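In the text below, chain A, chain B and the rest are named by the order of the sequence lines, each starting its count at 1. It should be emphasised that the depicted structure is a prediction, and the values quoted were computed from it without experimental measurement.
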Amino acid sequence: MNYELVSGFETHVELATATKIFCGCSTKFGASPNTHCCPVCTGQPGALPVLNKKVVEFAIRAGLATHCKINTTTHLDRKNYCYPDLPKAYQISQFDKPLCEHGYVELESGKKIRLTRIHIEEDAGKLVHERGYTFIDYNRGGVPLIEIVSEPDISSPEEAREYVEKLQLIMRYIGVSDCKMQEGSMRCDVNISLRPEGSKELGTRTEIKNMNSVSFIEKAMAYEAGRQAEILSSGGKIEQATLRFDENTGETYVMRTKEDAQDYRYFPEPDLLTVKIPQQKVEEIASALPELPLEKFRRYTDVLGISVQNARLLYRYKAVCDFFDRCVLLGAGAKNTSNLILGTIYSTLSTEEEKEAFDIRVSAEDMAELVRYVDGGKINITLAQMTLSKMLKVGGKVSDYISEADLAGISEGELEELCREAVAANPKAAEDYKSGKLKAIGGLFGYIKRATQGKADIKKAEEIIIRLLGNDK
Amino acid sequence: MSGIIKKLSSMLQRGEVSASELAASYITRIEKLNPVLNAYVSTTFEEALKCAGEADKMIRAGMATALTGIPMALKDNICSDGHLTTCCSGILSGFRPYYDSAVWEKLSAQGAVLLGKTNMDEFAMGSASETSCYGAPKNPVDVTRVTGGSSGGSAAAVKAGIAAYALGSDTGGSIRQPASFCGTVGFKPTYGTVSRYGLIAYASSLDQIGPLALSVEDAAIVYDAIRGKDGRDQTSLTTPDGATSLETDIKNLRVGVPEEFFGEGVSDEVKSAIEESVRVFERAGAKIKRVKIPAFKVALPVYYIISCAEASSNLGRYDGIRYGYRAENFSDIDDMITKTRTYGFGTEVKRRIMLGTYVLSSGYFDAYYKKACLLRGQIISEFDGVFRECDVLLTPTAPTTAFSLGAKSANSTQTYLADICTVPASIAGLPAVSLPCAVGAGGLPIGLQIISGRLRDGTALAAAAFFEREAGVTAELCAEVKL
């Protein structure tokens, strides 16, 4: 029997507020253990939480960017469980009245992954196992999180990848999180079940906890789907369980089964007040939302005429888009701009992080000036590439590299004269070409490039040389 | 006018005694009386003398307030930086918070002199202070009797004159009931008027800090010093500017007497003392109304469900990992936590944690916790109704006078009944003051409770001040404690 995969995601995203959700401690990642701590976030007896308004604002932004309805009256709840990284033995979270509900994340195909809810909560501390001891670092305790819960609308590991990447992009675009999975600022719990193809009923699901890389998510889902299919086709039953994915073996392992499921004894947090958000505030946040990833992608392809492939390479990095959009706004042509970014600039940015940061020495103003010269036929693309390369390396303005004379260009007559010189100076190459060794023409180009410091339009030169050599025949 | 704060304050201002000398005299008295009374569980004499030195400077600089240089005590669940604060629980033995509670911050800024921390029921769970891990404090009026609880140590210290005033906390009657048993004034303000920041939580939606003192005026001075909105406690409320006025137009005061508070379990001497108190108001021209609060009968179960639910969550943090007591000889972390909680908590605390865990469990939540919250709403609205036609309600504070030490400790539901008259105001978050209104059999004090509407703290205090003047029954210092 053929099975279809049904998957829903619970995604935790750390919000990039400067301070924690219930106290004034810094949320900065990577500080010495237990230095970003106070009575509140270490759960000292007698300390009380105070809700950080920025957290609510960021979460509303995330909700609106994923088309959620915002509950303007909401409250926080206590989720009780005992674990050493949770200093109060309860997590302040939201249970029956989440801040955001009923949204969706759209994939490029137009398919919508529905979101059940987005709620705010606090992160726990971190256990560090070292030298045979377990240490606790509470720096992360109280860092604000949103938990984004999707409906079981994801039907393949590939869709899962796109869903996670889309979420990441959206959160980065709206500036609420850097969503760095390797630093734990985005983590996914993946629910998976199988059902006979065409069936409407949901099968028994398992949940793979705490995935922190997109490629592991794909691997884990593929493995788990295979494991479940094997059990089902041999007439077995899936046991509802929480699983852990072992990155080394590529297999999933049972952490706990339904029998030892926890009772979190949720109840409204008595130390905090009901949160009331003026409708006007929601509207303010909505109107300040930037263009969202998919809107941008569609504008690049449909309006600016950039190929789907190139548009994808651009819109996955917010900083790149900001740079690109600014260049286009300054009158640079979209195609030449995107080609130069994807070719020349990307070749200097090897990692994803570098592209995300897009920390380059060329301003959008200079880039736009350069591209406008190419657009207007004042300089050719080769010169533009060379100039851009130098600017990326040592900085400076376009005018430092491109002279008035360059902009005047090389006339048709001058180029023809150069081509004749090239043929005369390289008789061997000319002969070889004529005798059918077409590659020999490269030697002639070299002469022209050297003579013009790369400014000559080689395409035009090729036409001229072919004509010259042909005429000689 | 009785009370002690203004007397001591004017002596300090006139230079008849220095704050340091005053502190030293209190220390001497504590050393003499506390071994018997067990009112203090830890003392901070060094801190007291330091505070007194500061107070003397403030007095000389003309910056003194009524509380500058006045020796006082905090209940053992109110944090002060570096001082033992243990909630009289084994699980917090040795615990010294590294920050000040909002109330101590305010008082110390005024030059208050901290003598120590007072005895209480473990985590404020009890009505006789007998669940303290340090043993029960004794009632200065009769040392064979309980002080009431949970702020029993604070009441005893004030009555015995080993603190000029003390702060307590009240969740279901823990300030008022010991005030009644020991014959002091005890005031539980409107929920939210005093910041809970630094008060170690028992039941967050009910806990409230307030003063125990020798007069209504003293209580009002202390209340004025500690109240107000605090950015660190979201449930805290803005209170009116200026000192609370204790003047009242008695002829226009509408006094309600809710009949349910005089039911079964309330002793005859208490009933007649309160009826006599009502007549004091009546004779002065107040309008007396007999009113009904039918939801009174559900108040006690509602209180125990909500307070235990919150306590089960609030007390989850005591796991031996970060502070306080840690059990020895454990095999792994779960074993360590289990043993720490098993040995660290007393029986009553464990009982309430289990009860609270049960009522919050899935499958029982709706039947207990949710229902209790609904009924809480009903109690609030019945009080609202009554306060549309009354300014204050007069009731007994406790059904009886102080009982003998050990008499009820074996039977917890018996002890729970000691709170029956105080929990309704707690559930509704209303201000309520208890003050002595008569002396019962054996010379034991009887307390009158005056409840007023939400944020009408001044109304309750002014009515109490009127009664104190008019009735001639005052919370006299127990100068001679029969040891």
Side-chain angles (χ1 to χ4, degrees), chain A residues 21-24 34 37-53 75-93 95-96 125 127 129 133-138 141 260-276, chain B residues 77-79 85-87 92 95 97-102 123 192 195-201 203-207 230-236 306 309-310 312-324 333-334 336-338 341 356-365 369-370 373:
Chain A
I21 183 167
F22 300 120
C23 64
N34 297 311
C37 289
C38 74
V40 177
C41 59
T42 56
Q44 296 296 309
L48 296 171
V50 175
L51 180 61
N52 180 349
K53 280 185 183 160
H75 65 262
L76 290 111
D77 297 283
R78 288 190 188 177
K79 177 181 182 180
N80 296 286
Y81 67 94
C82 172
Y83 201 67
D85 65 6
L86 192 69
K88 300 189 296 293
Y90 56 83
Q91 178 192 33
I92 305 179
S93 179
F95 180 54
D96 56 346
L127 299 187
H129 305 281
Y133 291 94
T134 299
F135 298 88
I136 315 179
D137 178 5
Y138 288 111
D260 29 66
Q262 302 215 38
D263 182 352
Y264 291 119
R265 293 173 283 121
Y266 281 101
F267 75 103
E269 167 57 283
D271 286 330
L272 294 168
L273 302 176
T274 300
V275 182
K276 285 182 184 146
Chain B
N77 59 356
I78 299 174
C79 292
T85 307
T86 70
C87 291
L92 275 174
F95 176 65
Y98 68 92
Y99 72 102
D100 281 334
S101 55
F123 281 101
S195 170
R196 289 184 294 119
Y197 188 78
L199 168 67
I200 300 180
S204 313
S205 76
L206 296 155
D207 293 344
D230 177 14
R232 295 163 297 185
D233 175 3
Q234 285 212 319
T235 63
S236 73
I306 291 175
E310 292 178 8
S312 72
S313 173
N314 283 329
L315 272 58
R317 73 188 68 194
Y318 305 109
D319 52 15
I321 292 175
R322 288 159 299 273
Y323 41 72
I333 179 114
D334 290 334
M336 190 269 271
I337 294 172
T338 306
R341 290 171 71 81
T357 304
Y358 177 78
V359 299
L360 288 175
S361 300
S362 73
Y364 300 97
F365 182 89
Y369 182 79
K370 202 171 171 189
C373 289

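- Between A/Tyr90 and B/Ser312, every side-chain heavy-atom pair lies at or beyond the 4.5 Å cut-off.
- In terms of non-hydrogen atom pairs under 4.5 Å with chain B, the most contact-rich of A/Leu272, A/Val40, A/Asp263 is A/Asp263.
- Ranking B/Ser205, B/Ser204, B/Ser313 against chain A, the residue ahead of the rest is B/Ser313, based on heavy-atom pairs under 4.5 Å.
- Taken from CG in A/Leu48 to OG in B/Ser101, the straight-line distance is 11.0 Å, to the nearest 0.5 Å.
- To the nearest 0.5 Å, the span separating CD on A/Gln44 from CZ on B/Phe95 amounts to 5.0 Å.
- Heavy-atom pairs under 4.5 Å with chain A were tallied for B/Ile333, B/Ile337, B/Thr357; the largest tally goes to B/Thr357.
- Of the possible donor and acceptor atoms, one in the side chain of B/Arg322 sits under 3.5 Å from a partner among the backbone N and O of A/Pro87.
- Panel note: side chain B/Arg317, backbone A/Gly43; a donor-acceptor pair is recorded below 3.5 Å.
- For a heavy-atom cut-off of 4.5 Å, chain B lies close to A/Arg78, A/Asn80, A/Cys82 in residues 75-82 of chain A.
- Contact record, B/Tyr318 with A/Pro45: OH-CB, 3.7 Å, taken as the closest heavy-atom pair.
- With contacts defined as side-chain heavy-atom distances shorter than 4.5 Å, the pair A/Pro84/B/Asp319 does not qualify.
- Residues A/Ala47 and B/Tyr197 approach most closely at CA-CE1, 4.0 Å, considering heavy atoms.
- Partners of A/Tyr138 under the ring pair (Phe, Tyr, Trp, His ring centres under 6.0 Å) rule, at least two apart in sequence or in another chain, do not exist in this structure.
- When every heavy atom of A/Val50 is checked against every heavy atom of B/Asp233, the shortest pair comes out as CG2-N, 4.4 Å.
- The side-chain heavy atoms of A/Asp271 and B/Thr235, taken from C-beta on, include no pair separated by under 4.5 Å.
- Heavy atoms closer than 4.5 Å to chain A are found nowhere in B/Asn77, neither backbone nor side chain.
- Each of A/Leu86, A/Thr134, A/Leu51 has some count of heavy-atom pairs under 4.5 Å with chain B, and the biggest count is that of A/Leu51.
- The two atoms that bring A/Phe267 and B/Ala309 nearest to each other are CZ-O, 4.3 Å, heavy atoms only.
- Taking every heavy atom of both residues into account, B/Tyr98 and A/Thr42 meet most closely at OH-OG1, 3.9 Å.
- Of the inter-residue distances, the one linking A/Tyr264 atom OH with B/Leu360 atom CG reads 15.5 Å to the nearest 0.5 angstrom.
- Taking CD1 of B/Ile321 as the reference point, atom CG of A/Asp85 lies at 9.0 Å (rounded to 0.5 Å).
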